[in-house]
There are 2 protein chains.
Amino acid sequence: MSKPKQSTSTPPRGPGAARQSPSPERRRELLGIAADVFAEQGYNATTVRKIADAAGMLAGSLYYHFDSKESMLEEILRTFLTELWDGYDGVLRAELDPRATLEALVTESFREIDRHRAAVAIYQKEARHLVAQERFQYLADSQQRFEKAWLTTLERGVAEGVFRDDLDTRLAYRFVRDTVWVAASWYRPGGGHSPEEIARQYLSMVLDGISVRT
Amino acid sequence: MSKPKQSTSTPPRGPGAARQSPSPERRRELLGIAADVFAEQGYNATTVRKIADAAGMLAGSLYYHFDSKESMLEEILRTFLTELWDGYDGVLRAELDPRATLEALVTESFREIDRHRAAVAIYQKEARHLVAQERFQYLADSQQRFEKAWLTTLERGVAEGVFRDDLDTRLAYRFVRDTVWVAASWYRPGGGHSPEEIARQYLSMVLDGISVRT
DNA sequence: TAATCTACCAAACACTTGTTAGAAAAGCGT
DNA sequence: ACGCTTTTCTAACAAGTGTTTGGTAGATTA
């Protein structure tokens, strides 16, 4: 009920206290650096001094650009999820058939991993603890939309006879979801495989399996 | 009497420092509690006071049983990996055909998740940072044996014509590995699915895919 | 009963943490 | 050159961290 502060989209302060105006470009630059450190060391193990080190400045200087360490994390994840849903919504609006929808969602996911691999890695490691905090409510919301989009697609596929009906749908959902996103833990951009190529191989395994058809 | 037992296989202690002799049962009990807290909150976010709280004692009292917070983590992971390899080695010694080996390894993995879900969750979150430290060298060793066992099985399967040869073997390895172990993040024992049942469904998806065969 | 051992508590330690406030540059239009 | 704004540094803070030390209740042994 009592929210302590506002930070992201609302610069105007309460009474009197005019704020500084840090440049958004520098902000993004610093957030990129912070995201890399967060992803590599974990959020809690990352001190603001380490971030500052990586950015070539001192710890206190970060607070000219950001309210707190936590608000850096929040902005990183929020930016990622916003762009992710931009892509997903585009796919869902197209109203393709279940199989094509699944293929498009998976491909889109690998593109997002390619563009936001640090944020994805952070998300995977920290989301579970963060959803409990009210400040990160949007994580829970996103997870619910996510589950709904995937489950609906799978169930429609089963109903239309393109996906197997002898599998637990919820288990299949977790299966597909996890197989896609854990790739962020080892994927490195420019490593020989393009996102689309990885998506193609993953889809081939998820849809048809790794065993030879007899 | 005079010479106390050594905790694990850690290098020989310094001169003179005689140790107490805490009971191994209490040790295991406390490690189980610590593992749960580590798994839920993350290692770095877990303070020794939280562990002590969960155990109904004070922070300092933990140091009667353990050298440090880190050595608790080490013992948790080492115990898990030891038991894991007990199971894996049993499977590998049987020298089944590639497909049966894969099925047995996956099933064994889900059994270990069932028995050590906290340790598995910790492993997944922290292993990446820990392998850098020399104290956790055995993590790197285990990962290498792990990769070798899986890759060999997959490649033998391809050679014998039971696994598809149009897939990147290394990608397939990561695929199988990740799909199995991330299950620890949502699996809860006694949740309707037995480890064997989950293994069966996962294997069905990994081997044959989720799409209907035409 | 006295001596010893086990397992814990109580209180502090040195250090790191995120964060703040004021001073000092650095940049820039005039 | 100047004033003004934007950015960083210096230097500290209070709270929290893992850990150590010495003490002590209760069981076990002599």
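Note on naming: letters A, B, ... go to the chains in the order of the sequence lines (proteins, then strands), and numbering restarts at 1 for each one.
OP1 or OP2 of D:dT7 sits under 4.0 Å from a side-chain N or O of A:S23. Taking only side-chain nitrogens and oxygens, A:H65 comes nearer than 4.0 Å to OP1 or OP2 of D:dT8. Put simply, B:R26 has no side-chain N or O that comes within less than 4.0 Å of OP1 or OP2 on C:dT6. For A:Y63 and C:dT20, the shortest distance from a side-chain N or O to OP1 or OP2 is not below 4.0 Å.
Whole-Å rounding puts the B:I51 CD1 to D:dT17 C1' distance at 13 Å. The OH atom of A:Y43 sits 8 Å away from the P atom of C:dG18 (whole-angstrom rounding). Computed from coordinates, the B:K50 NZ to D:dT17 P distance equals 7 Å when rounded to whole Å. Atom pair A:R27:CZ and D:dT7:C1' shows a separation of 14 Å (rounding to whole Å applied). Protein atom CD1 of A:I33 is 10 Å distant from nucleotide atom P of D:dT8, rounded to whole Å. Protein atom CE of A:M57 is 18 Å distant from nucleotide atom P of C:dA25, rounded to whole Å. The separation between A:L62 atom CG and D:dT8 atom P is 9 Å, rounded to whole Å. Counting to the nearest Å, the C1' atom of C:dT17 and the CE atom of A:M72 are 13 Å from each other.
Without hydrogens or angle criteria, B:T107 side chain to B:E103 main chain gives a donor-acceptor distance under 3.5 Å. In this structure a side-chain-to-backbone donor-acceptor pair under 3.5 Å is missing from A:K125 to A:F38.
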Table please: side-chain donor-acceptor pairs of residues 85-92 of chain A below 3.5 Å, with sequence neighbours left out.
unit_1 : atom_1 : unit_2 : atom_2 : d
A:W85  : NE1    : A:S142 : OG     : 2.9
A:Y88  : OH     : A:S109 : OG     : 2.5
A:D89  : OD1    : A:R145 : NH2    : 2.9
A:D89  : OD2    : A:R145 : NH2    : 3.3

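Every residue meeting the side chain to side chain contact (heavy atoms under 4.5 Å, CB included) condition with B:T152, not counting sequence neighbours, appears here in chain and number order: B:K148. A:T153 pairs by the side-chain hydrogen bond (donor to acceptor under 3.5 Å, both in side chains) definition with nothing, not counting sequence neighbours. Partners of B:D53 under the side chain to side chain contact (heavy atoms under 4.5 Å, CB included) rule, at least two apart in sequence or in another chain, do not exist in this structure. With sequence neighbours excluded, no residue forms a side-chain hydrogen bond (donor to acceptor under 3.5 Å, both in side chains) with A:Y173. A search for salt bridge (charged side-chain N to carboxylate O under 4.0 Å, His left out) contacts involving A:E147 returns A:R170, not counting sequence neighbours. For A:E70, the side chain to side chain contact (heavy atoms under 4.5 Å, CB included) criterion is met by A:Y43, A:S68, A:Q133, A:R135, A:F136, not counting sequence neighbours. For A:E108, the salt bridge (charged side-chain N to carboxylate O under 4.0 Å, His left out) partners two or more places apart in sequence, or in a different chain, are A:R111. For B:Q143, the side chain to side chain contact (heavy atoms under 4.5 Å, CB included) partners two or more places apart in sequence, or in a different chain, are B:Y123, B:A127, B:V131.
In this structure, the nucleotide among D:dT19, C:dT17, C:dT19 sitting nearest to the side chain of B:K69 is D:dT19. Side chain of B:V48, nearest nucleotide from C:dT19, D:dG18, D:dT8: D:dG18. Relative to the side chain of B:Y64, the nucleotides D:dG18, C:dC8, D:dT7 differ in distance, and C:dC8 lies closest.
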Please list, pair by pair, any protein nitrogen or oxygen found under 3.5 Å from a nitrogen or oxygen in nucleotides 10-15 of chain C.
none

Taking N or O atoms only and anything under 3.5 Å, show me the protein contacts with nucleotides 23-28 of chain D, one pair per line.
none

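Figure legend: A:R78 and A:Y138 shown as a cation-pi pair, the cationic atom lying under 6.0 angstrom from the six-membered ring centre and within 45 degrees of its axis.
For the helix from C:dT1-D:dA30 to C:dC13-D:dG18, the terminal axes (five pairs an end, C1' atoms, rotation from four pairs onto the next four) enclose an angle of 10°, given to 10 degrees.
At a threshold of 4.0 angstrom between heavy atoms, the contacts of B:T46 are confined to the sugar-phosphate backbone, with no base atom among them.
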